[in-house]
Amino acid sequence: MLTRSEIRAYLTATGSAQEELFTEARRLRKEHFGPTVILRGVIEITNVCRVNCDYCPMRRDNTRENDRYFMSSDDIVKRARDIREAGIDIVLLQGGETPRNLVTVEDAIPRIRELFDGQVEILLNLGNMRRSQYERLRNLGATSYILKHETSDPHLHEAVRHESLDKRLRCLRDLLNLGYRVGTGLISSLPGQSLESIIDDIELTQTLGVHMCSVAPFVPAPNTPFQVEPAGTNELALNTIAALRLHRPQMLIPSVSALEKTSAGGQSRGLEAGANVMTVNFTGSSDRKRYLIYGKDRYITRKRHVEDLTRASDLHTRGSVFLTSETGTGTPLGAGGERRRVS
Ligand code: SF4
């Protein structure tokens, strides 16, 4: 674990200091995961959201103007079959926060498990829910859950998300207590954010004991209150990824598409900075265009792109670290070696 002053120095590293930081981050990734990148397949199940984040085009205030969609459970299972056929064993179901998701995923989860003979990590990213709802989904076979805290500064959180940080943290603790493998995430260069609060973000991953954490540079998206704010820099996001790897080497840290949107080659740099997860998009083309997470021209990550990047980085793709071959259920993070290679 790093001290606050070490994290501060890493977040501002440039030139040879940054290269040394990235080299150490890659060394630690190799020590804990071998030369591998974990591959996920994502299905974006709805673009409707009850929350009103100032940086997101799918915010509640845009609901009427947006071309809304809800995938049916049949469609979700069909897309999950595409994920299986691509040799990927992590199905990420992601969408805006809306109660309607619950009925759909409750129907889809057992069917997806059956499709994969139980050998699947079902990863959800569907926002805040009541503990009893998380429990129902866990009992149906959900393995893991992403719930990004976005910023750990409680005032900034409330100002930009119009939601309380405490509520979010309560949900994260519920998920951990229920035995989910849990991911959080932060936005770097968020308007109003200080460097000290990014250090808090990094320390929060340890306090909570989460298994995964993403870092996305702020993207000023059209039709949002933040559309005129300056874009975040990839350099700060990359330094944050590397500092996270040094702080908690056993965590899963994705190289997110926002890095590529901010700068061509950004996801490759994410791998250079010690990231070890990539997500391929399996949403159908018409829904994909309506899922406006960074606006209409977001970067869509495809399997070919991931394979090219990983090969160029002397890495290869692999499946879930949270599955055992016998049960298809979670194992302790970092406990196992490679389960199987998926490409
Ligand atoms: S960032 Fe997530 S929670 Fe916030 S408005 Fe967008 S979809 Fe909803």
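Numbering of ligands and ligand atoms starts at 1, following listing order. Computed from a predicted structure; not experimentally measured.
- You'll find the side chain of Asp153 stays beyond 4.5 Å of the side chain of Leu190, heavy atoms only.
- Summarising the geometry of Leu124 relative to Ala142, their closest heavy-atom pair is CD1-CB, 3.7 Å, with the distance given to 0.1 Å.
- Residue-and-atom listing of protein N/O/S atoms under 2.8 Å from atom 8 (Fe) of ligand 1, sorted by chain and number: Cys49 SG.
- At distances below 3.5 Å, at least one donor-acceptor pair connects side-chain atoms of Glu260 with backbone N or O atoms of Gly265.
- Residue-ligand proximity, Arg161 to ligand 1, at heavy-atom distances under 4.0 Å covers atoms 3 (S).
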Derivation and outcome, side chain to side chain donor-acceptor pair (under 3.5 Å), residues Asn128 and Arg170: CA-CA 9 Å; Asn128 289 8; Arg170 191 271 296 156; over 6 Å; no
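- Both tests pass for Arg138 against the ring of Tyr180: distance under 6.0 Å to the centre and angle within 45° of the axis.
- Not one N or O on the side chain of Thr205 forms a donor-acceptor pair closer than 3.5 Å with the backbone of Asp201.
- Under the 3.5 Å distance criterion, the side-chain polar atoms of His149 are left unmatched by any main-chain donor or acceptor of Thr184.
- Note that atom 2 (Fe) of ligand 1 has no protein non-hydrogen atoms nearby, at separations under 4.0 angstrom.
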